[in-house]
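A quick write-up on the structure given underneath.
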Amino acid sequence: MNGINMLSTLPSIDEMLCRESIKELLVETPRNVVVREIRSAISDLRKRILKLNEEEKENFSINLDKISNQVITRSIKFTNMNLKKVINATGVVLHTNLGRALLSNEIKEEVWDIASSYSTLEMDIATGKRGSRYDHVVELLKFITGAEDALVVNNNAAAVLLTLSTMAKNREVIVSRGELVEIGGSFRIPDVMEQSNAKLVEIGATNKTHLKDYVNAVTDNTAALLKVHTSNYKIVGFTDEVSLKELVKLGREINKPVIEDLGSGVLIDLRKYGITYEPTVQESVQAGVDVITFSGDKLLGASQAGIIVGKKCYIDKMKKNPLTRALRVDKLTMVALEATLRLYLNMDDVVSKIPTLRMITESTKSITRRSEILFGMIKQGSGRLTINMTDDFSRVGGGSLPLEKLPTKVIVISSSNISTTKLEEGLRNYKIPIITRIQGNKIIMDVRTIDEKDYKVICEALDTVAHSIRR
Ligand SMILES: *Cc1c(COP(=O)(O)O)cnc(C)c1O
């Protein structure tokens, strides 16, 4: 058959719709979705036919069952949620690609209530007048951090942008060369500053900046001194930086505000749990920093947000900046943030209630106990897989505490007849994707970031994957 004749044998959309398997599919799947996939399958086939050479044409035939199967698979995939739960077995607690901080189980009801009902988002119930969506968290943030006032925007990058645009537009901001952070997704502090129309004045060297460098850079056009917490890297060795206290003292002397981008925004002292010192928001407030910005979904453990706390005079100006409207947060962000901040009212058990903090501070003893349970469950049905358990380290991730290595236990999986990449791929493509680490020719599952309620799914996935892959 020649190519043109072959094209005339392609099925029509109606013909496909009449096939038994497609009719079955149509019981649950919207017709327009199925038609879309049939159209695309026929179009793919047409393109393929036109590319065939003479010899290939001889051997080519149209297989309607195969087309139907493709339509079914793709229609189901298209109707299923694309954004879905995964199991994070990487041990990276704040995994940016997997959604960073997890919300606490404790706030489930509050979040769903506000998401599915009308709410007091912008109404002051006492007076019946229009209220502000920020007011729900302002008192909480003031109480927890000790600051005079607060404002919330979409993320910390937006918080830095709004702060600089309000306080330093067309003026100079002095920042140390050791603090010109890139925060991921090739997003850099100097670029944010450029967008805010603040003029960056870099001082010092990468490893050392002295107080006199700041002093020498001050001009009539200086708007502020900026300190950026190098939360995602550390400069070690022959180094020197100006402490927050010294910087605030200088700011007072020259009558210029000090702004600090804290990044991670931790609200508790993690040293109590054996973790490296990470400056808290409260300490910066206490040191007298005028404006502090930090993330809601890093070490704070709430929704994605940029939190700004500091002196009322500056926050008031920010509220009037039109950018604030463009960067404003949704009610879902707000309810998750408010409910999470309320957990901080009881500092004694906040660590056990906020998943991010709980995972970071989980004791080796507890992790060992949990890994032994998972290890036992997997081992029983492991079949063709070799399962071991060993010591390893987890990471905090999300650009927080970059040097911290948290001792953990991991399940090590290997197979003599399934390649590691196939195994990893199989687990990643399971109905609830399981994201693992490959180390050498083994799969590593770190129990720190795995919830006990997911152990069964992991066992099922390993069983399914081990049996469905041939070499
Ligand atoms: C993470 C980080 C940011 C960006 O915060 P997002 O909430 O991701 O926008 C900015 N500055 C520093 C120092 C950070 O660590």
Side-chain angles (χ1 to χ4, degrees), residues 92-103 137 141 150-165 168 173 175-196 198 200 202 206 209 224-235 241 244 247 258-267 270 276-281 283-284 289 291-310 323-324 326-330 332-334 336-337 340-341 356 360 395-404:
V92 179
V93 178
L94 290 169
H95 200 302
T96 302
N97 299 357
L98 305 183
R100 272 204 201 158
L102 313 186
L103 296 183
V137 292
L141 284 168
L151 182 61
V152 180
V153 289
N154 261 322
N155 50 42
N156 187 31
V160 175
L161 176 68
L162 176 64
T163 302
L164 294 177
S165 152
V173 173
V175 60
S176 158
R177 288 200 174 87
E179 299 171 2
L180 297 173
V181 183
E182 174 170 316
I183 51 185
S186 59
F187 204 70
R188 295 171 173 163
I189 285 293
D191 301 337
V192 182
M193 291 184 87
E194 203 177 299
Q195 286 302 314
S196 71
L200 175 71
E202 297 175 29
T206 306
T209 300
L225 309 175
L226 172 68
K227 189 147 184 75
V228 182
H229 176 45
T230 60
S231 48
N232 57 5
Y233 66 96
K234 283 270 181 294
I235 297 181
E241 64 173 324
L244 205 54
L247 203 60
V258 174
I259 301 168
E260 184 177 29
D261 171 11
L262 252 185
S264 334
V266 71
L267 294 176
L270 288 172
T276 315
Y277 170 67
E278 172 77 9
T280 65
V281 179
E283 284 167 306
S284 293
V289 179
V291 171
I292 303 153
T293 74
F294 52 98
S295 287
D297 61 342
K298 285 186 182 168
L299 292 173
L300 195 149
S303 42
Q304 182 195 295
I307 302 171
I308 309 172
V309 300
L323 254 186
T324 303
L327 304 175
R328 87 170 184 188
V329 289
D330 173 56
L332 286 177
T333 303
M334 215 38 162
L337 182 61
T340 305
L341 286 172
T356 301
I360 291 172
R395 292 279 183 183
V396 174
S400 301
L401 293 157
L403 300 185
E404 196 71 30

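Numbering of ligands and ligand atoms starts at 1, following listing order.
Atom 3 (C) of ligand 1 has its closest protein heavy atom at Asn156 ND2, 3.4 Å. Summary of contacts: the protein heavy atom closest to atom 2 (C) of ligand 1 is Lys298 NZ, 2.5 Å. For atom 8 (O) of ligand 1, the nearest non-hydrogen atom of the protein is Arg100 NH2, 2.7 Å. The protein non-hydrogen atom at the shortest distance from atom 15 (O) of ligand 1 is Ser231 OG, 2.5 Å. The protein non-hydrogen atom at the shortest distance from atom 4 (C) of ligand 1 is Ile183 CD1, 3.5 Å.
For the 3.5 Å distance criterion, the side chains of Glu278 and Ser264 qualify, holding a donor opposite an acceptor.
Taking every heavy atom of Ser295 and a limit of under 4.0 angstrom, the matching atoms of ligand 1 come to 5 (O), 6 (P), 7 (O). Here is the list of ligand 1 atoms found below 4.0 Å of a heavy atom in Asp261: 10 (C), 11 (N), 12 (C), 13 (C).
For Val192, the side chain to side chain contact (heavy atoms under 4.5 Å, CB included) partners are Val160, Leu161, Phe187, not counting sequence neighbours. Thr209 is linked by a side chain to side chain contact (heavy atoms under 4.5 Å, CB included) to Ser176, Ile203, Asp213, Tyr214, counting only residues two or more places apart in sequence or in another chain.
For ligand 1, the polar-atom distance check against His229 finds no nitrogen or oxygen pair separated by under 3.5 Å. Considering backbone and side-chain atoms alike, Ala157 places an N or O below 3.5 Å from some N or O of ligand 1. For the pair Ser264 and ligand 1, the shortest N or O to N or O distance does not fall below 3.5 Å.
Residue-ligand proximity: Gln304 is placed with every non-hydrogen atom at 4.0 Å or more from ligand 1.
Remark: of the listed residues Leu299, Leu270, Thr276, Thr356, Leu299 is the sole one forming a side-chain contact (heavy atoms from CB on, under 4.5 Å) with Val396.
Between Arg177 and Glu202 a salt bridge is recorded (basic side-chain N to carboxylate O distance below 4.0 Å).
Annotation: side chain of Leu262 is in contact with side chain of Pro279 (closest heavy-atom distance under 4.5 Å).
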